[in-house]
Amino acid sequence: MRSPEIKLNTFKSLSVGGAAAVSWYFATNALLTGPMSNVVSVVGAVAISALLPSYLGARRARYIADNQSLALGQHIDVLNEHAIVNVVDRSTNLTEVNDRFLEVTGYSREELIGTSVHNLYCDENQKLAPTIHLLLSMGKSWSGETPLRRKDGSVFYTHTTVRPIYDLKGNWIGSISARTDVTQTHELLAARDIAQVTDEMKDDIWIVDCDMMAATYMNKVALGRLGLRRAAEQLIPLSQLKGVDGVGSILATCRDMRSTGADNAQFETEYCGKPFHIGVTRLKAGTLKGRFMVVMADMTKRVSEEQRKSDFISTVSHELRSPLTSIKGAMGLLLSRAAGELPDKAVSMLEIAHRNADRLVLIINDILDLEKIAAGRMEFDRQVVNISDLITETKNANATMQQRFAVKVESNSDDSPIWINTDPNRIIQVLNNFLSNACKFSKPGSTVRIVIEDQSDSVRVAVKDQGTGIPIKDQHKVFERFADMENSNRSAKGGTGLGLSICKAIVEGLGGNIGFETTEGIGATFYFVLPKTEANMEITPADNVVKMRSAS
Amino acid sequence: MLKLIHVEDDADIREIAKMSLDLAGDFDVIQCECGEEALARVQDYTPDVILLDMMMPGMTGRQTLEEMRKLPHLANVPAIFMTARAQHAEIEELRNVGAADVISKPFDPMSLADQIKSAIRK
C-alpha cells in the first residue's frame, strides 16, 4: 500500500524549503513515504539536484541524485513497513497517516483524516499532550512511550518520536510522529514482572485459558505442588491434571464464568488432598484478556487453627458453665427459701450475686455466638413461623424485666398472623435483646411498644422505648462489640456489650437488615426487617397449616 | 412418684439437682457419678426417666444411653440430657439419638422438675 499524498507534500516542502527542508526530507520522508515510486524518483531527484553544489556537473549531479533517490526509496520501504506514521496540523488534526497506522489502529484513512489524534490517546498520554505541544512550538522534538487506543477499544503501546514541521516560510504548521509498536515487549516485560511477583507469593496462581483447556501460566509454588517444572513455552493442558482433585471444579468455574460473564468467583474445595480457598478472576486487559486468574490459598493451617480456637472456646465455656450451674443453682435454691427463711440483707446480697451469675452466663453465651459468627459458622434452623407468636413469647419471657424496671410493654402482635421463614430461636434472641435494652433504658412508668409492620415482601418489627435515647456521638458504634457508650452503664444494667453486634449478625445472616432511630432525651427505636416468605411456601389460612411445596 | 436416675460427674451439680427435685416432691431420685456406675445400677432397676450429663470422664452421656438402650427394660424409657455445650448441632444430634429433651446448663433449679415432667409428657 502506498501513500502518495505524503510523498507529494514532502516534495513540495523539499523543493523550495532550502537546506532545512532537505534535512527534514532525509530525516522524515524516509519514514513517511511508501515504496519507491515514480513521483518520488523524479520529483525527489529534481529537488535534490537543484540543491547540490554548483561545481558538480549537471550529469554527475543527476547520477548522484538518482542513486540517492533509489537508496532512499529502499529505506522508505523498510521504514514504512516498520513504523506507524502520522502527520497532524497545529490543531492536532490528522492530515496524513501511513498504511501501517491504519493496519495497527483498525481505522480507515477516511475515518481518521480531519479528526484529532487525541481521540486515539489513552488518559495517560492526554496528560502529556501539553508538554509535547510546548516542545514542538519551541522547535524541539519529543520521544517517549505512548499508549494508543485501537478502533476496537484495545490499547497498544508505541515508542514515539514527534517532530515539528514547517511551511516554506518557516512557519510551524504541525508535527509528524513516527512510532514503533512495542506492545509485545511491554507485555513480555509485564508478564516477566508478574512472574517475578507471583513467584514470591505463597498462594498457587494459575492463568487458565478455557478455549485451550490449559493453564498458560503457573507460579513457582503451583508448579512445585504438581511436581512440574517451568518450561520456556509454558502451557499445561488441564487434561494432564485430570487425576488431581479440585481441578475439575476450577475448570468448571472458569467455564461457568465465561458463559455467565461473571468477573469473580470464590469457593472452597479439596485440592491435592488439602482444603483450599479458590478465587477466580476474569482478566480484562492485554494479551491475557479473556483468560482467568486462579488464586489458590491453602487453608490447612487456618482450618486447624480455627478448629483449635473453636475447641478451646467451647471447652472454656463448658468449664465455666459447670461451676456456674452449681453457683446459680445454689443461690436460686437459697432465694427460693429451699433452705429456710433468710434475713433481708442476705436475700439482697444473694440477689446481687445471682444477677451477676446470670450476667456471666449471658457473656459466655455471647462469646460462643461471636466465635461462631467470626468463623462463619452461625447456624440457622429455619422454620415457617408467625412473627406475632415470637413477639408474644418474648413479651412473656421478659415479664420479670418489665416488673424490675417498672415498664409496661405493649404490642400489636394480636393482629392477623404474618408468616416468615426464619430461625425462631435466633429471632427471639434478637427480640429479647431489643426488649431488655428498651426496658433497661426506659424511664420508670413509661411504655415500650413493639410494632409489627406488614410490608409487601417483608416484615418490620420495631421496639420503641421512651428512654434517654442515644447521644449523637455514640450512634456510629451502636452495633460495635463492647461499644463504650455514655449512659450505657453496662454493669448496672446487666448487659454484656455484645448483644447488638450479635443481633446484627443474626438478622443479616437471616437475609434481613437491622437499624435504629433515636432522639436524645426522647427515646430509641430498634428495628429489623426480614423477608416474609419464600415464593414456594403455601399457607392455608383456614387451619394455619404451612406447607412447603415439593420441588418439581 | 417418678423414678429418676441422674448420672452426673460433678458432685455439686448432683446436689443442686437432688435438692431441686426433692423440693418439687414428685421424684424418687437415684444418682450415679459415672456411666459405668449407672449401667451397673440399672441392671435390676427400671426408672421412669433417665437424666444424663453429656460430658463425663469415661463413658459420655450418649454412650451411657446407648448401652442402656440395649437393655430391653430401658429401651423406651425417656432420656433427658444436660449439657454445658448447648450448641445447636449438638442438641440436634442428641435429639436424633432419642433424647426427649436437652437441658442447658446452668439450669434453673426451680423449674428443673417441670422441665423433666414436660419432656416425659412429650
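Computation of the quantities below employed the complete heavy-atom set of this structure, encompassing side-chain atoms and omitting hydrogens, waters and symmetry-equivalent molecules. Residue numbers begin at 1 in each chain, while the letters A, B, ... track the order of the sequences.
When every heavy atom of Lys105(B) is checked against every heavy atom of Arg321(A), the shortest pair comes out as O-CD, 3.0 Å. Closest of all the heavy-atom pairs between Ser322(A) and Ile13(B) is O-CD1, 3.5 Å. When all heavy atoms of Ala330(A) and Ile16(B) are compared, the pair lying nearest together is N-CD1, 3.2 Å. Between Gly329(A) and Pro109(B), the shortest heavy-atom distance links the atoms O-CG, 3.4 Å. Listed here is the closest heavy atom pair of Asp12(B) and Ser326(A): CB-OG, 3.2 Å.
For Asn396(A), the CG atom sits in a packed shell: over 12 heavy atoms of surrounding residues, nucleotides or ligands are nearer than 6.0 Å. Crowding of Phe312(A) atom CZ: a count of heavy atoms from other residues, nucleotides or ligands under 6.0 Å not exceeding 12. The number of heavy-atom neighbours closer than 6.0 Å to CG of Asp344(A), taken from other residues, nucleotides and ligands shown, is 12 or below. No more than 12 heavy atoms of other residues, nucleotides or ligands shown are found within 6.0 angstrom of CD on Glu15(B).
A 4.5 Å side-chain heavy-atom check between Met110(B) and Leu333(A) finds at least one atom pair inside the cut-off.
Using a 4.5 Å cut-off between heavy atoms, Leu23(B) touches chain A through its side chain atoms alone.
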